[in-house]
Amino acid sequence: MPSNQSSGSLVVKGTCHHDCPDSCGWEVTVEEGVAVKMRGNPAHPFSQGELCPKVNRFLDRVYSPLRVLTPLIRTGAKGSGEFRRASWDEATALVATRLHEILARDGGEAVMPWGDAGTQGLLQMNSLDRRFFARLGASRQVDSLCGATAKIGSALTLGSPLGSDPMDVRFSKLILLWGTNTRLTNRHLWPFIDEARSAGAKVVVIDPVRTVTAEAADWFIQPLPGTDVALMLAMMHVIIRDDLIDRAYVDLHTEGFEELAAHVSACTPNWAADICGVEASQIEQLAREYATTRPAMIRTLIGAEHREQGAMFFRTITCLPALVGSWRERGGGYSRSVGSYAEVNVDDSGFDVPSLEVNPGRRSLSMNTIGRNLTDHTLAPPVRALFVYNGNPLVTAPNAALTRRGLEREDLFTVVSEQFVTDTARYADVIFPACTQIEQDDVVPAWGHLYLGWNHKAIEPRGESVPNTELWRRLSRAMGFEEPELYESDESLLAGALHGLDVEALKRDGFVRLSLPEAVLPYANGNFATASGRALLASRSFSSIGLPSVPTFVPGRETLAGDAELLGRYPLAMMSSKTHQRFLNASYSHLEHHAGAEGTIYCELDPADASARGIRDGDSVRVFNDRSTLMATARVSEAASRVRRGLVIVPFGWVGERTNDGNTVNALTSDTATDWGGGVAFYDTLVEVARA
Ligand SMILES: Nc1nc2c(c(=O)[nH]1)N[C@H]1C(S)=C(S)[C@@H](COP(=O)(O)OP(=O)(O)OC[C@H]3O[C@@H](n4cnc5c(=O)[nH]c(N)nc54)[C@H](O)[C@@H]3O)O[C@H]1N2
Ligand SMILES: Nc1nc2c(c(=O)[nH]1)N[C@H]1C(S)=C(S)[C@@H](COP(=O)(O)OP(=O)(O)OC[C@H]3O[C@@H](n4cnc5c(=O)[nH]c(N)nc54)[C@H](O)[C@@H]3O)O[C@H]1N2
Ligand code: SF4
Ligand SMILES: [Mo]
C-alpha cells in the first residue's frame with residue numbers, strides 16, 4: 001500500500017517493468033498527484049536500493065513533452081510522423097471499421113499482432129491481447145527476439161530451463177561470465193560477484209569483445225565470435241582426458257557419457273585453438289581450473305543465442321556442470337534466466353480462453369521476420385493489418401530495410417500502442433497512448449532473481465493514456481464483441497494468476513520471494529526433467545529435431561569461418577550487442593538526456609583493419625552488406641583491443657532519428673533463424689566498412 005510519509009506526500013512502491021534481468025524495486029514520492037522523486041527501494045534484496053543510468057531519470061520520461069497523450073491519426077505519408085489528435089471514440093471506431101473490412105475480405109489471419117517485452121508486467125505484457133486476437137482469429141505470433149533459443153538449448157540437455165539461483169554466485173570460488181556483459185546488462189548482480197571475490201573467487205569473462213565486464217575480470221578470454229562450442233568441447237576433452245570428472249555424478253545422473261567422451265577425444269585444445277583464436281594453453285588452464293575449483297558457476301544471459309548455432313551454445317555449455325558435478329553445491333551449476341521458477345506462484349494459463357478462438361487452427365507468423373511477412377506476396381492471406389505494442393520492431397527486429405518496406409505499404413493498416421512516436425509508430429495509421437509503469441498496477445515476475453515484484457500505480461495516467469489491458473477492452477467494445485472474458489478486470493485477472501503466496505505482503509513490501517527453498521539446487525541429486533531423469537550428454541532423441549546426438553561445432557554461415565564467397569565481399573564480422581549504460585534496447589535513445597550523453601552511433605574497428613581501409617578515428621564511414629548501408633563514425637580501438645582483427649562493433653539501441661541516415665544497426669543484421677528455439681542470428685552478420 002502507498003504509505004504516508006509526511007503531510008501531502010505519498011511514497012508508493014513499484015517494480016521496474018523493463019526487459020532487464022534486474023527487475024528492481026523502486027519507491028515513487030508523489031505530491032499532490034505529481035511524482036516528484038523516484039529511487040530504488042532499499043529493502044529490495046536484489047537491487048538493494050539502486051536503480052540504473054537508464055531509469056534514474058524515469059520521471060523525465062514520464063513527464064516528457066514528447067509523450068503521446070491522446071490517440072493520433074495519420075495525416076501525412078507513412079513515416080513522415082505527421083498525425084492529428086483524435087478522440088478515443090473516433091480512433092477506436094476507425095480501427096473497428098478497418099478491421100471489419102479486413103475480416104470480411106481476407107479473414108482474421110490477415111491481422112498480425114507484434115508484441116514484445118517493452119513491459120514485463122504480467123498483465124500489461126501479455127494477457128487480454130491473447131483473448132482479443134483469439135476472438136479476431138488473427139495470425140498467431142510465434143518465435144522470439146530474446147531468450148527462447150537459450151531456454152530451449154539448455155533444456156535440451158537438462159530437460160528444463162531451470163538452473164542455479166544467480167544470487168548464489170556469492171558462494172562461488174570460480175565464476176565464468178560467458179557471453180554476458182554483467183556490469184552493463186545485469187548490473188545488480190555485480191555486488192554479489194564482488195562479495196564472492198572478497199572471499200577469494202576468481203572471475204573469468206569469455207567474450208569476443210573486451211567489454212566493461214571484461215575490463216573488470218581477473219582473466220579475460222577472447223574467442224572469435226560464434227566459436228565457443230569448440231572451446232567447450234576442448235574443455236571437455238581435457239576434463240575427461242585428465243580424469244577430472246565427477247565420476248559418481250556422471251554415472252548416476254547423466255546419459256551418453258561414453259558417446260560424448262568418444263566424440264571429444266578428437267577435440268583437442270590445439271584443434272579448438274585454431275578455430276577460436278585462443279591459445280591451447282589457455283584452454284587447458286580454463287578446463288583444469290573449472291574442473292578443480294569448487295563451487296564453480298557458469299553464468300550466461302542472452303547474447304550468445306543471437307547466432308545461427310545459438311541453441312547449440314546452450315545445449316553444450318549445460319553439459320559442463322554435469323561432467324564436474326558442480327550442480328551439487330550452492331554457487332555451482334549453471335545460471336541464466338530464472339523466469340521459469342515464477343511458475344510456483346504465477347500461472348497465466350487462464351489468460352488463454354479457448355472458447356474465444358474463432359479459428360483454433362489459425363496460422364502462425366514469426367515476429368522475427370516481420371519484414372518478410374509484410375512483403376511476402378505469396379502469403380495467403382497477405383498481412384493487411386498490423387498491431388504493434390510493447391516494442392519497436394523497425395529498430396529491434398533484424399533486416400530492418402525489409403521491415404521498413406513492409407511498413408511503407410499503402411494497403412497495410414498499422415496500429416501502434418506507444419508512449420512515444422517511435423520509428424515504428426511513425427508508420428502507424430493510428431497510435432494509441434500507453435501508460436508508463438508508474439501510471440498502472442501490475443505484478444512483475446523477474447528473470448534475474450527469485451523475487452516477484454508488485455507495482456502500485458503511483459499517479460493517474462497522463463493525458464488519455466491507458467494500460468494495455470484497457471486498450472484491448474476498448475477495442476473489443478468498438479468491435480462489438482460481447483464475450484465477458486474480453487472485459488475481465490485487472491484485479492480479477494491477477495487473482496486468477498497468483499497462487500500460494502502472501503499477496504498482502506507482496507503489496508506491502510513491493511516484493512516477495514517466490515515460494516522456494518532457501519537453497520535452490522535443482523539438480524544436486526540428478527532429477528533432471530528428461531525422460532530418464534539424467535542430463536543428456538548424448539542422446540539419439542535429438543535426431544527427431546534435426547540435431548546431432550552429441551554437442552557439435554558448426555560454423556555459422558555469416559561468421560569469419562563461414563561462407564567463403566560472402567566473406568570475400570564482406571570480410572568483417574559485426575557485433576551489435578547492448579553497449580550503452582543509458583539505453584535499454586531502443587527505449588531511451590530518443591531522449592536528449594540519454595542520447596546526448598552517449599555520443600553518436602559508431603563503428604569500432606581494430607587498428608589494423610582500420611588502416612588497411614585508410615580509416616582514422618573520427619572518420620565518417622559506411623558500413624554495408626547486401627541488406628543495407630549505415631553511416632557511422634569510426635572509432636579505432638586502442639592497443640588493448642576491444643575488438644580483435646576481423647571484428648567490428650556497431651552498437652544496438654540507437655533510433656533512426658538519432659542516426660545520420662535514419663538507419664539503425666538492424667538495417668544490416670541477418671534475419672536467419674537460430675538452429676532451434678525460434679530466435680534470430682543477429683550477431684552472425686558480415687559487413688564491409690569504407691570511408692564515406
Ligand atoms: N544497459 C542495458 N542493459 C540491458 C539491455 C540494454 O539494452 N541496455 N537490454 C536487456 C536485455 S533485453 C537483455 S536480453 C539483456 C542481455 O544481456 P546480455 O546477454 O549480457 O547482453 P548482450 O549484449 O546481448 O550479450 C552479452 C555479450 O555476449 C557477447 N557475445 C556475442 N556473441 C558471442 C559469442 O559468440 N560468444 C561469446 N562468448 N560471447 C558473445 C557480446 O559481445 C556481449 O558482450 O540485457 C538487458 N540489460
Ligand atoms: N542488433 C540487435 N538487435 C536486437 C538486440 C541486439 O542485441 N542487437 N537485442 C534483442 C533483444 S534481446 C530484445 S529483448 C529486443 C527488444 O526489442 P523491443 O522490445 O522492440 O525493445 P524496445 O525498443 O525497448 O521497445 C519497447 C517499447 O515498448 C514501449 N512500452 C513500454 N512499456 C509499455 C506499455 O506498458 N505499453 C505499451 N503499449 N508500450 C510500452 C516502449 O515505449 C518502447 O518503445 O531487441 C532485440 N534486437
Ligand atoms: S532497467 Fe534494469 S537495472 Fe534499470 S531499474 Fe530497471 S530493472 Fe533495474
Ligand atoms: Mo532481450
Side-chain angles (χ1 to χ4, degrees), residues 15-26 40 47 50-56 58 61 114-119 121 124-125 144-147 150 177-182 184-188 205-209 211 213-214 221-228 231 300-307 309-310 313 388-393 395-398 416-420 422 424-425 432-437 439-440 442 446 448 467-468 471 559 575-588 590 649-653 655 664-666 668-669 680 682-685:
T15 302
C16 184
H17 60 296
H18 277 308
D19 188 354
C20 170
D22 294 5
S23 301
C24 299
W26 67 39
S47 55
E50 200 212 37
L51 297 173
C52 70
K54 302 159 293 251
V55 170
N56 284 335
F58 194 70
R61 180 184 180 90
W114 198 99
D116 201 36
T119 167
Q124 307 311 340
M125 179 160 111
S144 153
L145 298 182
C146 176
L177 301 175
W178 202 322
T180 179
N181 192 358
T182 312
L184 183 91
T185 59
N186 186 194
R187 58 184 287 125
H188 296 95
V205 167
I206 306 173
D207 198 303
V209 175
T211 60
T213 310
I221 299 176
Q222 194 171 19
L224 290 166
T227 64
D228 305 73
L231 182 57
T300 69
L301 276 182
I302 305 290
E305 84 164 31
H306 294 320
R307 298 200 170 276
Q309 296 295 316
F313 177 103
V388 174
Y389 53 105
N390 295 338
N392 187 3
V395 180
T396 61
V416 174
S417 162
E418 254 301 346
Q419 298 163 352
F420 294 92
T422 59
T424 306
F432 288 110
C435 286
T436 68
Q437 183 75 341
E439 296 155 87
Q440 57 196 8
D442 215 335
N468 295 343
L471 170 67
T559 62
M575 311 286 300
S576 61
S577 30
K578 290 97 181 156
T579 309
H580 296 292
Q581 293 282 4
R582 293 174 191 80
F583 296 174
L584 194 284
N585 300 327
S587 282
Y588 283 96
H590 64 296
I649 301 175
V650 180
F652 167 66
V655 291
T664 70
V665 72
N666 273 325
L668 299 167
T669 53
V680 185
F682 289 108
Y683 301 166
D684 276 2
T685 290

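Order of listing sets the numbers, starting from 1, for every ligand and every atom in it. Please read all numbers here as calculations on a predicted model, not as lab measurements. Along the sequence shown, residues are numbered consecutively beginning with 1.
In terms of polar-atom proximity, defined here as any N/O pair under 3.5 Å, G179 does make such a contact with ligand 1. For a threshold of 3.5 Å applied to N or O pairs, the pair formed by D116 and ligand 2 contains at least one separation below that value. Considering backbone and side-chain N/O of I206, one or more are found under 3.5 Å from N/O of ligand 1. Close N/O approach between T422 and ligand 2 is not found [any backbone or side-chain N/O within under 3.5 Å]. When only interatomic distances are considered, the shortest N/O to N/O separation between T396 and ligand 2 falls below 3.5 Å. Backbone and side-chain nitrogen or oxygen atoms of S587 are examined, and one is located within less than 3.5 angstrom of a nitrogen or oxygen of ligand 2. At least one N/O-N/O distance between S417 and ligand 2 falls below 3.5 Å. Remark: ligand 2 and T669 share no N or O pair separated by less than 3.5 Å (distance only, no angle test). Between Y389 and ligand 2, a contact under 3.5 Å exists for no N or O pair. Residue K578 places at least one N or O, backbone or side chain, under 3.5 Å from an N or O of ligand 1. Between Y683 and ligand 2, at least one pair of N/O atoms sits closer than 3.5 Å. Backbone and side-chain nitrogen or oxygen atoms of D207 are examined, and one is located within less than 3.5 angstrom of a nitrogen or oxygen of ligand 1. Residue C146 places no N or O, backbone or side chain, under 3.5 Å from any N or O of ligand 2.
Close contacts of ligand 1 with F583, meaning ligand atoms under 4.0 Å from a residue heavy atom, involve 1 (N), 2 (C), 6 (C), 7 (O), 8 (N). Heavy-atom proximity to P225, at under 4.0 Å, picks out these atoms of ligand 1: 35 (O). Taking every non-hydrogen atom of A586 and a distance limit under 4.0 Å, the qualifying atoms of ligand 2 come out as 22 (P), 23 (O), 24 (O). Every atom of ligand 1 is numbered from 1 in the order shown, and the set under 4.0 Å from a heavy atom of G226 is 34 (C), 35 (O). Atoms of ligand 1 lying under 4.0 Å from any heavy atom of K54, numbered from 1 in the order shown and given with element: 1 (N), 2 (C), 3 (N). Every atom of ligand 1 with a heavy atom of N181 under 4.0 Å away is listed here by number and element: 20 (O), 26 (C), 44 (O). Close approach of ligand 1 to D228 is summarised as follows: ligand atoms under 4.0 Å from at least one heavy atom of the residue are 34 (C), 35 (O), 36 (N), 37 (C), 38 (N). Atoms of ligand 2 lying under 4.0 Å from at least one heavy atom of R61, given by number and element, are 41 (C), 42 (O). The atoms of ligand 2 that sit less than 4.0 Å from any heavy atom of H306 are 12 (S). Taking every non-hydrogen atom of T211 and a distance limit under 4.0 Å, the qualifying atoms of ligand 1 come out as 44 (O). Atoms of ligand 1 found under 4.0 Å from any heavy atom of I302 (numbered from 1 in listed order, with element): 14 (S), 19 (O).
Distances from atom 25 (O) of ligand 1 to the heavy atoms of P21, G303, A117 show the closest one on G303. Closest heavy-atom approach to atom 43 (C) of ligand 2 within the set E439, Q419, E418: this belongs to E418. The heavy atom nearest to atom 39 (N) of ligand 2, considering only N468, T185, N666, N390, is found in N390.
With a 4.0 Å cut-off on non-hydrogen atoms, D19 touches ligand 1 through its backbone as well as its side chain. Contacts of L584 with ligand 2, taken as heavy-atom pairs under 4.0 Å, involve the backbone alone. Contact annotation for R307 and ligand 1: only side-chain heavy atoms (C-beta onward) come within less than 4.0 Å of the ligand. Residue C435 touches ligand 2 through its backbone alone, judged by heavy-atom distances below 4.0 Å. Residue contacts with ligand 1, taken as heavy atom pairs separated by less than 4.0 Å, involve L184 via backbone and side-chain atoms alike. Contacts between A434 and ligand 2 below 4.0 angstrom, taking non-hydrogen atoms only, involve the side chain exclusively.
Under the 4.0 angstrom criterion for non-hydrogen atoms, H18 is not in contact with ligand 2. The shortest separation from a heavy atom of F432 to ligand 2 is not under 4.0 Å, leaving the residue out of contact. Heavy atoms of M125 stay at 4.0 angstrom or farther from ligand 2. Residue-ligand proximity: F682 is placed with a non-hydrogen atom under 4.0 Å from ligand 2.
Taking a cut-off of 2.8 Å, the protein N, O or S atoms nearer than that to atom 8 (Fe) of ligand 3 are C24 SG.
Geometrically, R61 engages Y588 in a cation-pi contact, judged by NZ or CZ lying under 6.0 Å from the ring centre and within 45° of the ring axis.
Here the closest heavy-atom approach between residue S23 and residue T15 is recorded as O-CG2, 3.8 Å.
To the nearest 0.5 Å, atom CZ of residue F583 and atom CG of residue L184 are 11.0 Å apart.
Listed for the D207 side chain is no donor-acceptor partner under 3.5 Å among the backbone atoms of A214.
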